[in-house]
**Student:** 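Sharing a structure, written as structure tokens. Questions coming.
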There are 2 protein chains.
Amino acid sequence: MCVEELEWGAMRPLVHPAIEEVTVEAILHALSDPVRVAIFAEIVGQECTQKCSSFVPVGGEAIPKSTLSQHFRVLREAGLIRGERRGVEMHNVSRYVEVDQMYPGLLAAIGQAHTLQVGRAAKAAKKSGKKTK
Amino acid sequence: MCVEELEWGAMRPLVHPAIEEVTVEAILHALSDPVRVAIFAEIVGQECTQKCSSFVPVGGEAIPKSTLSQHFRVLREAGLIRGERRGVEMHNVSRYVEVDQMYPGLLAAIGQAHTLQVGRAAKAAKKSGKKTK
DNA sequence: TTCAATAGTTCAGGAATTATGAACTATGTG
DNA sequence: CACATAGTTCATAATTCCTGAACTATTGAA
């Protein structure tokens with residue numbers, strides 16, 4: 001045990017910005033990563049809360065848990081989700097409603113754009129004779 | 001002059017993705033930087049074309065021209081603007097209409113969110129007794 | 001209480017990306 | 001031609017991102 005530094009690797013409580021602190025820049029940055037959009041979409045989709053490790057990427061290989069943890073942190077600190085310890089695991093809820101009050105239509109537009117993009121990609125893949133990869 | 005490598009620092013023609021190649025991810029990434037949003041807003045605002053160096057940041061210090069050049073490249077390669085040489089200078093036009101056909105409402109929502117954010121920041125600054133910085 | 005298991009965080013370093021001064025290209029004008 | 005202007009490209013420094021290893025926190029036995 002580390003005696004000299006009592007406050008060291010101590011797990012700080014999760015950071016959640018107040019809704020007025022949420023910036024467009026941070027939201028766009030958070031959602032400009034495909035893994036994070038997928039995570040966020042899943043959390044918004046399920047209305048019940050989601051634990052971190054329940055996320056499995058669609059086609060690709062597994063994502064290391066330290067990386068996942070960072071992705072969740074970015075989403076939290078952008079104000080898009082709220083994480084809360086529930087026993088040994090973490091439960092994440094979307095802050096969609098709050099954010100939508102702050103920036104009406106922003107998340108809806110981004111979500112719709114992603115849906116369109118995925119739909120077009122699927123169509124293009126079918127046409128060229130290949131499915132997912 | 002460099003004799004050995006004829007094709008070296010040769011300036012390649014500007015890259016512009018076809019509109020179907022434009023991804024939501026690239027758009028969000030491009031617009032998640034305050035300097036780039038400001039540039040894009042200015043190009044969309046003026047309906048006439050804009051040369052690169054006519055951009056001056058609002059409150060901050062001048063941005064080096066190599067950095068500006070990279071920002072324009074990111075916007076171009078995201079499909080948000082089109083750059084075209086006109087004599088010695090470069091003219092930039094927005095591809096707003098094309099992108100809006102691809103992803104209806106996306107750019108409008110982002111623009112509106114930014115407007116809201118700037119408005120709120122101004123109001124907060126006035127309340128706390130300070131103007132810009 | 002102590003040990004083990006589970007879920008996620010933090011740290012350290014390397015990988016990847018971004019910023020920028022210096023050198024260069026490209027075009028227009030004496 | 002030389003020179004000026006506008007922007008790009010290169011090289012490298014600064015920054016951010018990814019990830020294995022070590023850690024914290026909580027639960028559930030033994």
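Just so we're on the same page: letters track the sequence lines, and every chain starts at 1. None of these values were measured; they are calculated from a predicted model.
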**Student:** Do the side chains of A/Leu31 and A/Leu107 get nearer than 4.5 Å, heavy atoms only?
**Tutor:** yes
**Student:** Over how many whole Å does the gap from B/Leu14 atom CG to D/dT8 atom C1' extend?
**Tutor:** 9 Å
**Student:** Between C/dA19 atom P and B/Ile39 atom CD1, what is the distance in whole Å?
**Tutor:** 11 Å
**Student:** Tell me whether the OP1 or OP2 atom of D/dT16 has a side-chain N or O from B/His29 closer than 4.0 Å.
**Tutor:** no
**Student:** In terms of the nearest nucleotide of DNA chain C, which residue is placed more toward the 5' end: A/Glu89 or A/Ser66?
**Tutor:**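 Here A/Glu89 is the residue nearer the 5' end.
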**Student:** Could you pick out which residue, B/Lys65 or A/Arg36, lies toward the 5' side of DNA chain D when each is mapped onto its nearest nucleotide?
**Tutor:** B/Lys65
**Student:** Report yes if some heavy atom in the side chain of A/Leu116 is under 4.5 Å from a heavy atom in the side chain of B/Pro104; otherwise report no.
**Tutor:** yes
**Student:** Is there a chain of hydrophobic side chains (I, L, V, M, F, W, Y, each step under 4.5 Å between heavy atoms) that links B/Tyr96 to B/Ile27?
**Tutor:** yes
**Student:** So, A/Arg120 and A/Gln117: side-chain donor and acceptor under 3.5 Å apart, yes or no?
**Tutor:**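 On atom types as modelled, these side chains do not qualify, holding no pair under 3.5 Å.
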**Student:** Any idea which of D/dC17, C/dT9, D/dC10 is nearest the B/Arg12 side chain?
**Tutor:** D/dC10
**Student:** Rounded to the Å, how far apart are B/Gln70 CD and D/dT12 C1'?
**Tutor:** 13 Å
**Student:** Whole Å only: how far is the CD1 atom of A/Ile63 from the C1' atom of D/dT19?
**Tutor:** 12 Å
**Student:** Rounding to a whole Å, what distance do you find between A/Glu61:CD and D/dT19:P?
**Tutor:** 9 Å
**Student:** Are B/Val24 and B/Val37 joined in one hydrophobic group, where the rule is that I, L, V, M, F, W and Y side chains link up if heavy atoms are under 4.5 Å apart?
**Tutor:** no
**Student:** Provide, to the nearest angstrom, the distance between the CG atom belonging to A/Leu68 and the P atom belonging to C/dA7.
**Tutor:**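 Atom CG in A/Leu68 sits about 13 Å away from atom P in C/dA7.
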**Student:** So, does B/Thr67 get its side chain near the phosphate of C/dT20, meaning an N or O under 4.0 Å from OP1 or OP2?
**Tutor:** yes
**Student:** For B/Leu75 and D/dT8, what is the distance between atoms CG and P respectively, to the nearest whole Å?
**Tutor:**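 After rounding, the reported distance stands at 12 Å.
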**Student:** Between C/dT20, C/dT9, C/dC11, spot the one nearest the side chain of B/Pro64, thanks.
**Tutor:** C/dT20
**Student:** For a 4.5 angstrom cut-off between non-hydrogen side-chain atoms, does B/Ile43 reach B/Leu80?
**Tutor:** no
**Student:** List every contact pair, protein side and nucleotides 27-30 of chain C side both N or O, where the distance is under 3.5 Å.
**Tutor:**
none

**Student:** For A/Asn92 and C/dA7, what is the distance between atoms CG and P respectively, to the nearest whole Å?
**Tutor:**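 Computing the A/Asn92:CG to C/dA7:P distance gives 14 Å.
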**Student:** Check whether any side-chain heavy atom of B/Arg36 lies under 4.5 Å from a side-chain heavy atom of B/His29, and answer yes or no.
**Tutor:**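 Yes; the side chains approach each other to less than 4.5 Å.
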